[in-house]
Undergrad: 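Got a structure here, written out as C-alpha cells. Questions coming.
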Number of protein chains: 2
Amino acid sequence: MVQQTVRTTQKDVRVIIVEDYKLTRVGLRYALNEIENINVIAEAQNAETGLEIIKKEQPDVVLMDLGLPGINGLEATSKVKEISPNTKVIILTSHDREEEVVASLGSGASAYCLKDIDPNTLSNVIKNVAKGACWIDSNVAHLALKLFPKPENTEILNSGHSMDVKAKLTERESEVLKLLVQGKSNTEIAQELIVSVHTAKAHVCSILQKLCVDDRVQAAVKAIKEGLVSV
Amino acid sequence: MVQQTVRTTQKDVRVIIVEDYKLTRVGLRYALNEIENINVIAEAQNAETGLEIIKKEQPDVVLMDLGLPGINGLEATSKVKEISPNTKVIILTSHDREEEVVASLGSGASAYCLKDIDPNTLSNVIKNVAKGACWIDSNVAHLALKLFPKPENTEILNSGHSMDVKAKLTERESEVLKLLVQGKSNTEIAQELIVSVHTAKAHVCSILQKLCVDDRVQAAVKAIKEGLVSV
DNA sequence: TAGCCAATTAGCCTAGTGTCTAATTTGATA
DNA sequence: TATCAAATTAGACACTAGGCTAATTGGCTA
C-alpha cells in the first residue's frame with residue numbers, strides 16, 4: 001500500500017529526543033530521520049541536559065520519556081512549556097497508568113504515545129502535534145476522555161430535547177452556584193450580589209434541592225463534574 | 001514523498017457519515033473510498049435516520065456533524081454510545097467554540113476535527129480512532145488540553161524534586177480529603193474511618209492549612225482541579 | 001384579572017464547622 | 001537512644017450552614 005502525501009512547501013519539524021535508554025534513543029533517531037519533513041536536531045539522556053538544549057534550540061517538538069532519572073518527564077514537561085512555550089511535548093512511554101496519562105496532559109503535553117507505537121503513526125503524530133493537534137494512544141485514550149464533563153445541561157448546545165432529569169437552575173441560582181464553587185460563604189455571596197444573607201441562603205437552599213444534594217460541598221463537586229460552571 | 005505502510009492483514013474500518021449537507025456528504029464519501037482499508041458503508045442526512053442505521057450496522061466509526069437539524073450532533077453522539085458502545089465517534093464540524101469541543105468529548109466522541117482537515121489526515125484519524133485513539137484538531141486542541149488538572153502534588157509521579165509550594169498531605173489526610181470531596185461531613189468521615197469526630201476535624205483542619213484554603217468547599221474544588229483525588 | 005413563579009427579606013433553631021490549646025501513643029529516623 | 005512526625009483524642013468557643021415558616025414585590029401567563 002502506498003500513500004501519496006503532497007506537502008511541497010512544508011518546512012521541517014525540528015525534534016529533540018529526551019530519553020535515558022541509548023538504544024531507544026538511537027532507534028528513534030534512526031526511524032525518524034527516515035521521514036521527510038522531520039529533523040531530529042538533538043538528543044538528551046536526561047531532563048537536565050535536555051532542558052538546556054531545548055532552551056537554546058526552541059524546537060517544534062520534544063519526544064519525552066516519562067521514566068527519567070533525576071528530574072522526571074512530568075516535571076521536565078512543565079519546564080519545557082516555561083522555557084519554550086511554543087514547543088509541543090509528546091510523551092513517549094511504556095506506562096499506561098491513568099494518573100500518568102492525565103498528569104502528562106495536565107503538565108502541558110500535547111500527545112501521549114505508548115512505546116509500541118508504529119513509527120509511521122509516530123511520524124504523523126509528530127507532524128500534526130507540531131501544528132497544535134492533540135493525540136492520545138489508543139490504549140489509554142479512554143482514560144483521558146472520561147475526564148471530560150458530560151454536558152447534561154449545556155443549554156446553548158442542545159436543541160431543547162432531553163433536559164429531562166434535573167430541573168434547570170434559574171439565572172440567579174447559577175450566579176450563586178458559581179460563587180459557591182469559588183468557595184465563597186453565604187455572607188460573601190450576599191455581599192457580591194448586593195443582597196441580604198437571607199437571600200443568598202435561600203438561593204443556596206434551592207440549588208441544593210435542585211441538584212439533589214445535601215450540602216454545598218456536594219453541590220460544588222457536582223457542578224464541576226457536570227460542567228454546570230466553568231472551572 | 002512516498003510513505004510505505006505495511007498493513008497486510010488489516011481489516012476494513014466500517015464508517016458511517018452523518019451530515020446534513022449533501023455536498024459535504026458526497027465529498028467525504030468520495031474522498032474516503034479512495035483510501036485503502038476504509039469502507040463507507042452508509043450515509044445519513046440527520047441524526048434520527050443515522051441512529052437507526054448505526055443500531056443495525058454497529059459500525060467502527062461514525063463521522064458526525066455537530067449542526068444537524070432536529071436531534072443535534074451532541075445528543076446523537078451520546079445516543080450512539082448507548083446503542084453501539086464499541087462504535088467510535090469523530091466530530092466533524094466547522095465550529096471551534098470551547099463549549100462544543102469539551103461537550104463533544106464529554107458526550108463520548110473520540111475525536112474532534114474541523115472541516116478544513118486534509119483528507120489524508122482524516123483517513124489516518126479514522127483508522128487510529130477505530131483502534132481507540134483520541135485526536136483533537138490543531139485549531140482547538142489547546143481548548144481541551146487546558147482542562148486537564150495540573151499535577152502539583154502527585155507524589156507517585158515526581159521524583160522528590162520541586163514539590164515546593166504546597167506541603168504534601170499525609171496518607172490519612174488524603175483519605176479524609178477523598179471523603180470530604182464526596183460531600184461527607186466530619187461526623188460521617190469519623191464514622192467511616194472509625195475515629196472520633198475530633199480526629200476527623202483535626203485532619204480536615206490540617207488539610208485546609210496545607211492546601212491554603214479557608215473552608216472545605218474550596219478544599220474540594222482545589223482537590224478536583226489539581227487532581228489530588230480521582231473524581 | 002387572577003394566579004404563578006423568581007427574587008427578595010426576616011427570624012429562629014439545630015447541627016455542623018473551623019480554630020485553639022493540650023495531651024498521648026507509635027513508628028521511623030538521626 | 002533521643003527525637004520527630006503522624007495519628008489520635010478532648011473540651012471549648014465563635015461562627016456558619018441549612019431547614020422552616022412567612023411575607024412582599026414584579027413580571028409573565030392562562
Side-chain angles (χ1 to χ4, degrees), chain A residues 153 155 160 163-224 228-229, chain B residues 153-156 158-224 228-229:
Chain A
N153 89 330
E155 320 79 44
M163 181 54 46
D164 23 76
V165 193
K166 186 171 33 196
K168 249 202 314 250
L169 298 180
T170 69
E171 212 168 307
R172 200 56 159 168
E173 285 162 358
S174 296
E175 285 185 81
V176 172
L177 180 58
K178 198 167 157 187
L179 296 171
L180 190 156
V181 171
Q182 284 165 27
K184 301 251 161 71
S185 70
N186 290 336
T187 315
E188 291 169 321
I189 293 173
Q191 283 169 355
E192 197 123 342
L193 300 181
I194 321 182
V195 293
S196 80
V197 190
H198 299 283
T199 310
K201 285 172 82 170
H203 287 312
V204 170
C205 223
S206 65
I207 289 173
L208 297 185
Q209 286 170 359
K210 288 185 181 177
L211 294 189
C212 306
V213 295
D214 297 324
D215 58 69
R216 51 176 54 219
V217 179
Q218 287 174 32
V221 172
K222 191 157 192 171
I224 294 175
L228 303 182
V229 294
Chain B
N153 90 329
T154 45
E155 322 78 46
I156 334 109
N158 63 40
S159 44
H161 300 266
S162 63
M163 180 55 43
D164 22 79
V165 195
K166 185 170 35 194
K168 247 200 315 239
L169 298 181
T170 68
E171 213 169 306
R172 200 56 158 169
E173 286 163 356
S174 297
E175 284 185 82
V176 172
L177 180 58
K178 198 168 159 187
L179 296 171
L180 191 156
V181 171
Q182 286 166 26
K184 301 249 161 72
S185 70
N186 290 335
T187 315
E188 290 170 320
I189 293 173
Q191 283 169 355
E192 198 123 342
L193 299 182
I194 321 183
V195 294
S196 78
V197 190
H198 298 285
T199 310
K201 285 171 84 169
H203 287 312
V204 170
C205 218
S206 66
I207 289 173
L208 298 185
Q209 285 170 1
K210 288 186 181 177
L211 295 189
C212 304
V213 295
D214 298 324
D215 58 70
R216 52 176 55 217
V217 180
Q218 286 174 34
V221 173
K222 191 157 192 170
I224 294 175
L228 304 184
V229 294

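Note: hydrogens, waters and symmetry copies are ignored here, and every other heavy atom, side chains too, is used. Note that the structure is a prediction, hence the values are computed from the model and not measured. Every chain is numbered from 1 and lettered A, B, ... according to where its sequence line falls, protein lines coming before strand lines.
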Undergrad: Each nucleotide N or O in nucleotides 4-8 of chain C that has a protein N or O under 3.5 Å away: list the pair and distance.
TA:
residue: C:dA7; atom: OP1; partner: A:R172; partner atom: N; Å: 3.3
residue: C:dA7; atom: OP2; partner: A:T170; partner atom: OG1; Å: 2.5
residue: C:dT8; atom: OP1; partner: A:R172; partner atom: NE; Å: 3.2
residue: C:dT8; atom: OP1; partner: A:R172; partner atom: NH2; Å: 2.9
residue: C:dT8; atom: OP2; partner: A:R172; partner atom: NE; Å: 3.1
residue: C:dT8; atom: OP2; partner: A:H203; partner atom: NE2; Å: 2.7

Undergrad: So which pairs with a foot in residues 197-207 of chain A pass side-chain hydrogen bond (donor to acceptor under 3.5 Å, both in side chains), sequence neighbours left out?
TA: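 Pairs touching residues 197-207 of chain A that pass the test: A:E173-A:S206, A:S196-A:T199.
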Undergrad: Checking A:E175 now: which residues fulfil salt bridge (charged side-chain N to carboxylate O under 4.0 Å, His left out) with it, not counting sequence neighbours?
TA: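 Residues passing salt bridge (charged side-chain N to carboxylate O under 4.0 Å, His left out) with A:E175: A:R172.
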Undergrad: Please examine the side chains of A:V213 and A:V221, heavy atoms only from C-beta on, and report whether any two atoms are closer than 4.5 Å.
TA: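 SC-SC contact between A:V221 and A:V213 ruled out.
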Undergrad: Enumerate all atom pairs, one protein N or O and one N or O from nucleotides 18-20 of chain D, separated by less than 3.5 Å.
TA:
residue: D:dG18; atom: OP1; partner: A:R216; partner atom: N; Å: 3.0
residue: D:dG18; atom: OP2; partner: A:R216; partner atom: NE; Å: 2.9
residue: D:dG18; atom: OP2; partner: A:R216; partner atom: NH2; Å: 3.4
residue: D:dG18; atom: N7; partner: A:K201; partner atom: NZ; Å: 3.1
residue: D:dG18; atom: O6; partner: A:K201; partner atom: NZ; Å: 2.7

Undergrad: In Å and rounded to the nearest 0.5 Å, what is the CG to NZ distance from A:L177 to A:K210?
TA: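 Here the interatomic distance stands at 11.5 Å.
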Undergrad: Specify the closest pair of heavy atoms between B:V195 and B:A200, including all atoms of both residues, with the distance to one decimal.
TA: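 Between these two residues, the closest heavy atoms are CG2-N, 4.4 Å.
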Undergrad: Taking all non-hydrogen atoms of both residues, which atom of B:V181 and which atom of B:A223 are closest, and how far apart?
TA: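 For B:V181 versus B:A223, the nearest heavy atoms are CG2-CB, 4.0 Å.
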Undergrad: Find the distance B:H198:NE2 to C:dT21:C1' and express it as a whole number of Å.
TA: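 So the two atoms are 13 Å apart, to the nearest Å.
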Undergrad: Expressed in angstrom and rounded to an integer, what is the separation of A:Q191 atom CD from D:dT16 atom P?
TA: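 One finds 10 Å between P of D:dT16 and CD of A:Q191, rounded.
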Undergrad: In whole Å, what is the span from the CD atom of B:Q218 to the P atom of C:dT17?
TA: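 About 16 Å, once rounded to whole Å.
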Undergrad: Separation of B:I189 atom CD1 from D:dA7 atom P, in whole Å?
TA: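 Nearest whole value for this atom pair: 15 Å.
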Undergrad: Could you give the distance from OG (A:S174) to CG (A:L180), rounded to the nearest 0.5 Å?
TA: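 Rounded to the nearest 0.5 Å, the OG-CG separation comes out at 12.0 Å.
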Undergrad: Please report the interatomic distance CG(A:D215) to CG(A:L208), rounded to the nearest 0.5 Å.
TA: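 Nearest 0.5 Å value for the CG-CG distance: 7.5 Å.
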Undergrad: Please name all residues satisfying salt bridge (charged side-chain N to carboxylate O under 4.0 Å, His left out) with B:K184, sequence neighbours left out, ordered by chain then number.
TA: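 B:K184: salt bridge (charged side-chain N to carboxylate O under 4.0 Å, His left out) contacts with B:E192.
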Undergrad: Atom OG in A:S185, atom CD in B:Q218: separation rounded to 0.5 Å?
TA: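 One finds 9.5 Å between OG of A:S185 and CD of B:Q218.
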Undergrad: Roughly how bent is the helix from C:dT1-D:dA30 to C:dA30-D:dT1 end to end, in steps of 10 degrees, with each end axis from five pairs?
TA: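 For the helix from C:dT1-D:dA30 to C:dA30-D:dT1, the axes at opposite ends meet at about 40°.
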